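Please read all numbers here as calculations on a predicted model, not as lab measurements.
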There are 2 protein chains.
Amino acid sequence: MILQEGFVCKHYTFVEKGCFKMYGIDEKGTEHNLGFAAENDWVADLGSFYSGKPSKLFIEAIEPSTILQIEHQDLLYLYVNSPKFDRNFRVIVEEKFIELQNRLLQNFSSNASQRYLDFLAQYAALASRLPNTQIASYLGITPEFLSKIRKNISLK
Amino acid sequence: MILQEGFVCKHYTFVEKGCFKMYGIDEKGTEHNLGFAAENDWVADLGSFYSGKPSKLFIEAIEPSTILQIEHQDLLYLYVNSPKFDRNFRVIVEEKFIELQNRLLQNFSSNASQRYLDFLAQYAALASRLPNTQIASYLGITPEFLSKIRKNISLK
DNA sequence: GCTACATTAAGACTATTTCTTAAGCTTGTT
DNA sequence: AACAAGCTTAAGAAATAGTCTTAATGTAGC
């Protein structure tokens, strides 16, 4: 667990090996996965990281993992002293932004079954690593219902 | 209309005055607003803008507006020749990413009524400018249902 | 003053999803 | 090897959020 609700996100984390989930917990106690970060991906609650305010999110390993972390002030130092870092982190966030926007659009336009198929198409490699409970939490449904969806799809 | 589905997003657009909506249209023909951009905000379909692939989105004025636009190649030129632009556009996207992530979390954790209240709280200035149809499209519901929600809220 | 569109209304309807219970299956741990 | 814990499938009942439909009223530009 590299970030807990109520704490400030102090690090931008690079995943060298393994896999993490970033999620929030609603009033009912249900987890909602915002996304996953596997090999060569970056993860952080940017809102908390840059503002210094307590996070509403959790970031937690779902596999044995090794990571590299950079602290806020050190990253700022890099930004100021070497423009390359602005460039690289701009590109990283842009890619994540595009991903998130696509996801939001999918969420609007379709039911859980279609969203599951979209997820499979886009994150095939991840899908086979993740337990269904995590995928269900990503899709915003119960694991039982995901099981029904899978059955339905296989019947077609 | 500064971007249509099927066309490449050629410009990063700065809104000087007025207001734009960015939306997709699903198989049923329903519009889904991804977001709005008003004064001093930037808007573009970044996926299409950077990849050069046709967009799936529309960007359209909902008020008489004046804008400034920069083309892809010109922005690249600025990136290469002046590190400040990497910095500034990194910050712009980071802010938008944080916004989008908050929205996704809200979408998961709550029903349309709560999402409407969240929208009002966060975009009070926008809410009074936008017709209900546009807000409904942002929330992912029908205008009729938004009307019910408003009634319900006012009854409390 | 027209026309077009936005808003409110309200009731019937429905589809998606949750809930519940349960059994079988994996996987890792002692 | 055996056990525990959690994952997966199953299946039916139940809930509910949101749509559809129709319609009357309001509003704003032309």
Side-chain angles (χ1 to χ4, degrees), chain A residues 1 18-19 21 23 25-33 36 58 60-65 104-120 126-156, chain B residues 1 18-19 21 23 25-33 36 60-65 103-120 126-156:
Chain A
M1 175 94 67
C19 189
K21 61 177 174 177
Y23 62 97
I25 297 188
D26 67 21
E27 337 70 63
K28 291 180 191 156
T30 312
E31 288 185 12
H32 298 281
N33 282 342
F36 304 102
F58 299 79
E60 189 181 343
I62 49 181
E63 293 177 8
S65 306
L104 194 61
L105 202 57
Q106 282 170 3
N107 264 259
F108 273 138
S109 330
S110 38
N111 59 18
S113 178
Q114 188 54 51
R115 267 161 24 226
Y116 176 60
L117 291 172
D118 288 343
F119 171 76
L120 286 186
L126 261 183
S128 58
R129 285 165 75 164
L130 296 170
N132 276 7
T133 43
Q134 295 308 322
I135 298 177
S137 167
Y138 178 92
L139 297 174
I141 58 176
T142 57
E144 291 89 347
F145 187 47
L146 176 54
S147 178
K148 282 189 191 177
I149 287 174
R150 293 170 73 127
K151 189 182 174 191
N152 257 322
I153 289 170
S154 70
L155 288 181
K156 281 178 193 166
Chain B
M1 176 95 66
C19 189
K21 61 177 174 178
Y23 62 97
I25 297 188
D26 66 21
E27 340 68 64
K28 291 182 192 155
T30 312
E31 289 185 13
H32 298 281
N33 282 342
F36 304 102
E60 188 182 342
I62 50 181
E63 292 178 8
S65 305
R103 185 174 170 196
L104 195 61
L105 201 58
Q106 282 171 3
N107 263 259
F108 274 137
S109 333
S110 40
N111 60 18
S113 178
Q114 190 54 51
R115 263 155 36 221
Y116 176 60
L117 291 172
D118 288 344
F119 171 77
L120 285 186
L126 261 183
S128 58
R129 286 164 73 164
L130 295 171
N132 276 8
T133 45
Q134 295 307 322
I135 298 176
S137 166
Y138 178 92
L139 297 174
I141 59 176
T142 57
E144 291 88 346
F145 188 48
L146 176 54
S147 179
K148 280 189 193 175
I149 289 174
R150 293 168 72 126
K151 190 182 173 186
N152 256 322
I153 290 170
S154 70
L155 287 181
K156 279 175 194 164

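Within the structure, every side-chain polar atom (N or O) of A:Asn132 is placed at least 4.0 Å from both OP1 and OP2 of D:dG6. Taking only side-chain nitrogens and oxygens, B:Lys28 never comes nearer than 4.0 Å to OP1 or OP2 of D:dT19. Within the 4.0 Å cut-off from OP1 or OP2 of D:dT19, at least one side-chain nitrogen or oxygen of B:Thr142 is found. A close approach under 4.0 Å does occur between a side-chain nitrogen or oxygen of B:Arg150 and OP1 or OP2 of C:dT8.
A donor N or O paired with an acceptor N or O is not found under 3.5 Å between the base of C:dT16 and the side-chain atoms of A:Lys148.
Closest to the side chain of A:Pro131, out of D:dT19, D:dT9, D:dC7, is D:dC7. Closest to the A:Arg115 side chain, of the nucleotides C:dA9, C:dT17, D:dA11, is C:dT17.
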Determine, step by step, whether A:Ile141 and A:Ile149 satisfy the side-chain contact (heavy atoms from CB on, under 4.5 Å) criterion, reporting the C-alpha distance in whole Å, the side-chain angles of both residues, the deciding distance to 0.1 Å, and the verdict.
-> CA-CA 11 Å; A:Ile141 58 176; A:Ile149 287 174; 3.8 Å; yes
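One interatomic measurement links the two molecules: CG of B:Asn111 to C1' of C:dT16, which rounds to 15 Å at whole-angstrom precision. Going from atom CZ of B:Phe145 over to atom C1' of D:dT21 covers 16 Å, rounded to whole Å. What separates CD1 of A:Ile153 from P of C:dT16 is a distance of 13 Å, to the nearest Å. Atom P of nucleotide C:dC5 and atom CD of B:Glu31 are separated by 13 Å, given to the nearest angstrom. For A:Asn107 and C:dT17, the CG to P distance is 11 Å, given to the nearest whole Å. Summarising the geometry, the separation between CD1 on B:Ile135 and C1' on C:dT7 is reported as 12 Å, rounded to the nearest angstrom. Put simply, CD on B:Glu144 is 15 Å from P on C:dC5, counting in whole angstrom units. A straight line from CD1 of B:Ile141 to P of C:dA6 spans 15 Å, rounded to a whole angstrom.
The closest donor-acceptor contact from the side chain of B:Thr133 to the backbone of B:Pro143 lies at 3.5 Å or more, if one exists at all.
Between the side chains of B:Tyr23 and B:Gln134, no donor-acceptor pair is found at a separation under 3.5 Å.
As judged by a 4.0 angstrom heavy-atom cut-off over every strand, A:Thr133 is placed among residues touching the sugar-phosphate backbone only.
Judged by the 6.0 Å and 45° rule, B:Arg103 forms a cation-pi pair with B:Tyr138.
The two residues B:Asn33 and A:Phe108 have their closest heavy-atom pair at O-CE1, 3.7 Å.
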